[in-house]
Each structure stands twice: as C-alpha cells, then as structure tokens.
Amino acid sequence: PKDRFKHRVNYVTEETEEQGNDIGYVFSVSDDNRALPVITIDIGDNKVKTEVLIDTGSSLNIIDKQTYKRLKPKPVLEVVKGKVFGFQNSCPLVFAGEFRTLIGHKDKLVEAKIAVVNGTERCLLGYKTASDLGIVKILNHVKVDSDSSSCKQDLEYFKAKYPNKLKVRQNGYYQPC
C-alpha cells in the first residue's frame, strides 16, 4: 500500500568501530515509485519474500519492524553501532537492532547483516549486498585526485555556497556539519 511508508529511505551510511565518530545519513525520495530500482529478495532460512529498494549509496541493509515480524524463527537482534540520521534531521533513526542472515535473489545466496528500523520505512538493500548478489556492478571505478585543481575549486565552491555546512575530519576528508 502506498500510504504504508511515511518516509521513504534512499541513502544510508553507518558508523563502524574503525571509523570512530562518523555519522550516517538517510535521504528521502519522491513518492513516484515507478522510477525506483525495487526488487524482491528472500530473507532468512524460510525465504521470506521482501520488496527492497536497491541503494548503491547505502552501506546498510534495512527492513522495517513489520517485515521483521514475518521472519520465522525470529533472529536475535544485536545493537546497531553508530547513528543514522535522516537528511537535515537532527534526530537519528531508531533501530530495534540488527541481525545476520541469509539473503537470496534468483540463484544467489549471501550472508549479510540487516538492521531493523522501528516504524514503517522502505526496506533497503545496500551496495555491498546488492553487489555480492550480482544485482549491481561497478563498470568504471573513478578515482578522484583530491589534490587536483578542479577538486579544490569544487570544494571552495561548496564551502562558499554552504558556509558552516562542511567540517574537516582528522584524515583530511570533509563531512557535513
């Protein structure tokens, strides 16, 4: 049902222990589902069919609580490490937890973590899992030389356009404030 999703999730990054204090973000997409890359995957040993949005910018796989309730037996949830925020939202998403399980699509099967978000959100399939399942492939990997003049010009442009919106992390990368 179209009105089931109050807020559609499109992009997620997560904090890992190695990354320290990084913060993830979640962006919204329009209600026009016709153009979105949505597929059906099988979750768990009982292959619970679940519609997910493929999000190559996401480092998390996410399902909502309703989908989690359909899983039999219920996977044991562990605490989600890090915080994930909605775009321009000061409150992080609230997760019930995460679990590791089998995810299948067509003839492929992989083991991956899935985070369970409280509420009704669009279920997401992150880049790594989509890639491992052979759903997406990066054909041309582009490496940007951060010392190039065009990169520095772009950075100066965004710093001027959005003052107080970027801060430098210790490793020299920029992140939103």
Side-chain angles (χ1 to χ4, degrees), residues 4-29 36-39 41-48 50-105 108-136 138 141 146 164-177:
R4 176 177 162 216
F5 303 104
K6 295 178 191 172
H7 177 79
R8 300 198 189 285
V9 174
N10 188 36
Y11 179 86
V12 177
T13 59
E14 72 177 339
E15 173 184 353
T16 63
E17 292 178 71
E18 298 82 36
Q19 292 172 320
N21 294 324
D22 285 350
I23 296 174
Y25 294 91
V26 178
F27 297 92
S28 297
V29 296
L36 300 177
V38 176
I39 62 165
I41 61 170
D42 298 320
I43 298 178
D45 295 333
N46 292 335
K47 300 181 179 180
V48 174
T50 306
E51 189 176 89
V52 294
L53 173 67
I54 301 168
D55 187 349
T56 58
S58 174
S59 59
L60 280 177
N61 301 306
I62 295 179
I63 61 173
D64 62 10
K65 202 107 182 227
Q66 288 177 315
T67 304
Y68 176 74
K69 288 177 182 177
R70 292 179 22 226
L71 302 175
K72 304 282 188 236
K74 293 275 177 288
V76 175
L77 295 176
E78 297 175 6
V79 174
V80 175
K81 295 181 177 129
K83 294 179 182 177
V84 179
F85 288 87
F87 180 63
Q88 296 183 338
N89 192 337
S90 60
C91 298
L93 287 176
V94 178
F95 291 100
E98 68 181 0
F99 62 97
R100 184 167 282 284
T101 191
L102 295 174
I103 299 175
H105 179 68
K108 295 207 177 181
L109 195 63
V110 299
E111 186 176 355
K113 281 185 180 180
I114 298 177
V116 179
V117 68
N118 286 327
T120 54
E121 300 285 346
R122 166 75 72 187
C123 298
L124 287 182
L125 187 66
Y127 170 72
K128 182 175 181 344
T129 306
S131 179
D132 291 348
L133 287 168
I135 297 167
V136 297
I138 300 298
H141 180 76
S146 61
N164 303 319
K165 296 293 182 187
L166 292 175
K167 70 178 180 179
V168 182
R169 295 186 350 205
Q170 289 180 354
N171 59 6
Y173 290 97
Y174 288 84
Q175 73 180 36
C177 290

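- Scanning both residues, Leu133 and His105, for their nearest heavy atoms gives CD2-N, 4.1 Å.
- Counting only heavy atoms from C-beta outward, the side chains of Phe99 and Ile114 approach each other to under 4.5 Å.
- How far CD1 of Ile41 is from CG of Leu125: 5.0 Å, rounded to the nearest 0.5 Å.
- Atoms CZ and CD, on Arg100 and Glu78 in that order, are 9.0 Å from each other to the nearest 0.5 Å.
- One distance of note links CG of Leu60 with NZ of Lys113; it measures 9.5 Å at 0.5 Å rounding.
- Applying the 6.0 Å contact sphere to CG of Asp45 captures no more than 12 heavy atoms from other residues, nucleotides or ligands.
- Contact record, Ile103 with Ala112: CD1-CB, 3.9 Å, taken as the closest heavy-atom pair.
- Listed for the Tyr68 side chain is no donor-acceptor partner under 3.5 Å among the backbone atoms of Lys74.
- Looking at heavy atoms from C-beta onward, Asn61 lies out of side-chain contact with Cys123 at the 4.5 angstrom threshold.
- Of all heavy-atom pairs spanning Asn118 and Ala96, the tightest one is OD1-CB, 3.5 Å.
- Closest heavy-atom contact between Tyr127 and Thr56: CB-O, 3.2 Å.
- Under the 4.5 Å side-chain criterion, counting only non-hydrogen atoms from C-beta, Lys69 is in contact with Lys65.
- Within the 3.5 Å criterion, the main-chain N or O of Val48 finds a donor-acceptor partner in the side chain of Thr50.
- Separation of atoms CD1 (Ile135) and CD1 (Ile39) is listed at 3.5 Å; rounding is to 0.5 Å.
- In terms of heavy-atom proximity, Pro92 sits nearest to Lys83 at CB-CB, 4.3 Å.
- Between Val80 and Ala115, the closest heavy-atom pair is CG2-CB, 4.3 Å.
- Taken from CZ in Arg122 to OG1 in Thr120, the straight-line distance is 11.0 Å, to the nearest 0.5 Å.
- Rounded to the nearest 0.5 angstrom, Ile62 CD1 and Glu98 CD are separated by 10.5 Å.
- If you check the side chains of Thr129 and Asp132, you find no donor sitting under 3.5 Å from an acceptor.
- Judged purely by atom type and a 3.5 angstrom limit, Asp64 has no side-chain atom pairing as donor or acceptor with the backbone of Val117.
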